[in-house]
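In the text below, chain A, chain B and the rest are named by the order of the sequence lines, each starting its count at 1.
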Amino acid sequence: MLQQITQAAISSISSLWENKVRSIITMIGIVIGVSSVLIIMSIGVGAQSLILSQIESLGSNLISVSPGHAEEGDMLAGFFNFAVTTLKYNDVTYLRSNRYAPNLVDVAGYNRGFGVVKWRSESYDTSLNGTTASYLTVEGSEIEVGRFFTEEEEINLSRVAVLGSAVKQELFGESDTVGQRIKIGGASYEVIGVIKERGTVGLEDYDDQVLLPIRTTQRMMGINHIGLIRARVDSDENIDKSIEDIKVLLREQHGIRDQSGKSDDFSVGSSVQTLSLVTTITDGLRFFLTAMAALSLLVGGIGIMNIMLISVTERTREIGLRKAVGANNFDILGQFLLEAVFVTGLGSIIGIVIGIIVSFLIAIGVRFAGFDWAFVISPSSIVLALVVSAGIGLFFGYYPALKASKLDPIEALRYE
Amino acid sequence: MNIIEIKNLSRTYGDEVKTYALINASFSIQKGEFVAIMGPSGSGKSTLMHVLGLLDRATSGTYLFENRDVSTLNDNELAVLRNEEIGFVFQAFNLLPRTTVFKNVALPLIYARDKSEGNKRVRDILEKVNLSHRLGYLTNQISGGEKQRVAIARALINNPSVVFADEPTGNLDSKSGVQVIEILQKLNDEGHTIILVTHETETAECADRVINIVDGKIVSDKRVKSKKRVSANDLIK
């Protein structure tokens with residue numbers, strides 16, 4: 001048995017070598033399939049870790065309160081609920097320095113809109129972020145020039161603006177900004193400060209925005225609700241406790257007696273929950289993309305079957321001869337089966353090498369573009385690629401090999 | 001000692017309408033004989049050779065190969081016999097393309113139980129057919145006569161008791177044909193049993209005995225009165 005397998009292996013390798021061009025062409029399908037599975041798996045992991053690190057960089061000890069009721073962990077419902085008006089400015093002030101929520105470092109409210117900002121002849125379309133004076137503490141941002149607006153200015157509906165670094169660059173270039181007056185929606189605002197460049201964090205561009213006192217924006221938009229509350233917690237361990245504190249306080253503030261959470265007109269979640277949600281979504285995407293790439297392996301397998309069938313026909317005389325000099329059906333079956341497995345095996349090894357190289361180049365490219373991209377090739381993906389392609393070789397090689405082994409030696413010898 | 005003994009051997013094709021390729025053939029061949037099976041094309045001589053060479057099975061009758069009843073052997077046992085006891089030489093050479101002379105001769109060794117001194121055996125046999133200088137050549141780089149000598153070397157690699165040669169000179173020029181027959185005679189002198197299938201009388205006369213077959217029936221089985229010895233300088237025709 002073992003000897004027969006060795007014989008078949010020797011015959012397979014030498015006949016693959018003697019038909020180099022055909023072997024290589026057969027291999028290409030597998031090489032492409034395996035390398036694309038590997039590249040996509042690697043990009044998937046890299047992209048996921050990039051997104052997750054973005055969210056993590058927000059800080060894991062942030063709690064978000066969105067208007068409207070949402071199931072536990074289901075942040076999307078609140079995310080898309082633009083029209084829900086259940087959160088008010090008073091909720092922010094109520095939560096701030098409330099002795100029943102002792103672990104909240106600070107709380108900020110938000111109202112987000114978009115608009116054109118003008119300075120002299122320059123104009124720039126950006127996001128207008130109405131917020132509270134506690135913004136810097138909650139978000140962990142810093143002032144580059146000037147100052148942030150005060151609580152007084154927030155309450156007094158002052159027309160002051162703090163610019164994101166990108167907005168400053170677009171409108172003012174290198175000119176001085178503090179003390180200049182910009183126009184938003186026909187009204188004039190005084191620029192009092194510029195936020196230090198921070199980049200995109202948690203899918204939010206911190207540099208491409210103008211920060212205004214929240215009550216000022218409420219009046220500008222003609223609304224009395226707010227879009228979001230964020231609270232910073234003093235330490236990670238207190239997140240769950242603080243979420244409960246906030247829920248209790250907001251129910252009290254909103255006059256909700258039901259403590260089960262079913263009647264809440266707001267939803268509270270931490271960035272940890274967002275993290276797990278995003279992980280779920282990106283996991284799904286990765287799986288889908290990998291499945292797509294795996295389809296190309298299947299196509300490669302069909303290619304192998306095709307070429308093997310041609311090869312069996314082309315080598316009918318050879319098969320007849322091998323039988324005449326003493327090969328039995330098992331020898332022939334083994335030889336052709338092993339040929340298919342060797343082709344896929346070698347093809348997948350080449351595919352793995354190409355996949356690793358391309359993934360590495362992509363990682364270098366993305367890092368060059370300034371992102372923190374992890375270059376990950378998991379051993380499991382390599383094992384998976386090898387096993388799957390060997391399986392494909394066996395599966396698609398079996399029929400042609402069986403056909404070869406059953407050839408009548410006399411017919412095969414006569415075959416022209 | 002009879003190496004081959006057949007009795008009332010028939011081979012038919014088709015289930016409902018039976019076509020007889022071989023009808024009630026009976027004869028025996030002794031170890032060391034040089035037998036020519038002669039007949040026009042379509043006479044059934046190739047069928048006879050395939051059955052005798054264990055490539056095909058008879059539909060009726062008995063066939064004893066080295067005193068073993070072939071009908072009791074399974075396909076794998078026949079494959080072992082073909083490997084160890086039988087060598088084939090075909091009209092169309094049937095060498096593996098894009099493969100060296102050496103590897104072609106070594107091919108039966110792949111399936112052999114005894115692979116000892118394989119490389120040495122290949123070299124010795126190539127020497128015997130005067131092809132030592134073509135060892136590393138690919139089979140498409142050598143002449144027709146050389147190809148047939150490679151095929152003979154391949155047939156001999158496992159030191160078989162019988163060599164079947166099916167029209168071995170059919171695709172060769174007369175000079176190469178003579179060389180091939182000369183080698184077969186030399187092998188016969190060394191004790192190999194040779195069974196030569198041909199349609200040419202002059203080639204058949206190089207054997208000890210000629211069995212004539214027409215329409216599947218054996219019509220004559222005679223000793224050759226004056227066996228023709230050939231050497232490379234002769235021409236058969």
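- Sorted by first and then second residue, the pairs that involve residues 69-90 of chain B and meet ring-ring contact (aromatic ring centres under 6.0 Å, His included), not counting sequence neighbours, are B:F88-B:F90, B:F88-B:F164.
- Under a cut-off of 6.0 angstrom, the local environment of OH in B:Y20 is sparse, with at most 12 non-hydrogen atoms contributed by other residues, nucleotides or ligands.
- More than 12 heavy atoms of other residues, nucleotides or ligands lie within 6.0 Å of CZ in B:F102, so this atom counts as buried by the packing criterion.
- Distance CD1/A:I410 to CG/B:D56: 3.5 Å, rounded to 0.5 Å.
- For OH of B:Y13, the number of neighbouring non-hydrogen atoms (other residues, nucleotides, ligands) closer than 6.0 Å is greater than 12.
- The number of heavy atoms from other shown groups lying within 6.0 Å of CZ (A:F375) is above 12.
- Residues of residues 107-135 of chain B that come within less than 4.5 angstrom of chain A, heavy atom to heavy atom, are B:L107, B:P108, B:I110, B:Y111, B:A112, B:R113, B:K115 in numerical order.
- What you find for A:R317 and B:A92 is that their closest heavy atoms are NH2-CB, 2.9 Å.
- The contact list for residues 62-79 of chain B toward chain A, using heavy atoms and a distance under 4.5 Å, reads B:N76, B:A79 by residue number.
- Within residues 331-353 of chain A, the residues having any heavy atom under 4.5 Å from a heavy atom of chain B are, by residue number, A:D331, A:Q335.
- Atom CG of A:L321 sits about 4.0 Å away from atom CZ of B:R154, to the nearest 0.5 Å.
- Rounding to the nearest 0.5 angstrom, the gap separating the OG atom in A:S14 from the CZ atom in B:R98 is 12.0 Å.
- For chain B, the nearby parts of A:R322 are the backbone and the side chain; heavy atoms of each come within less than 4.5 Å.
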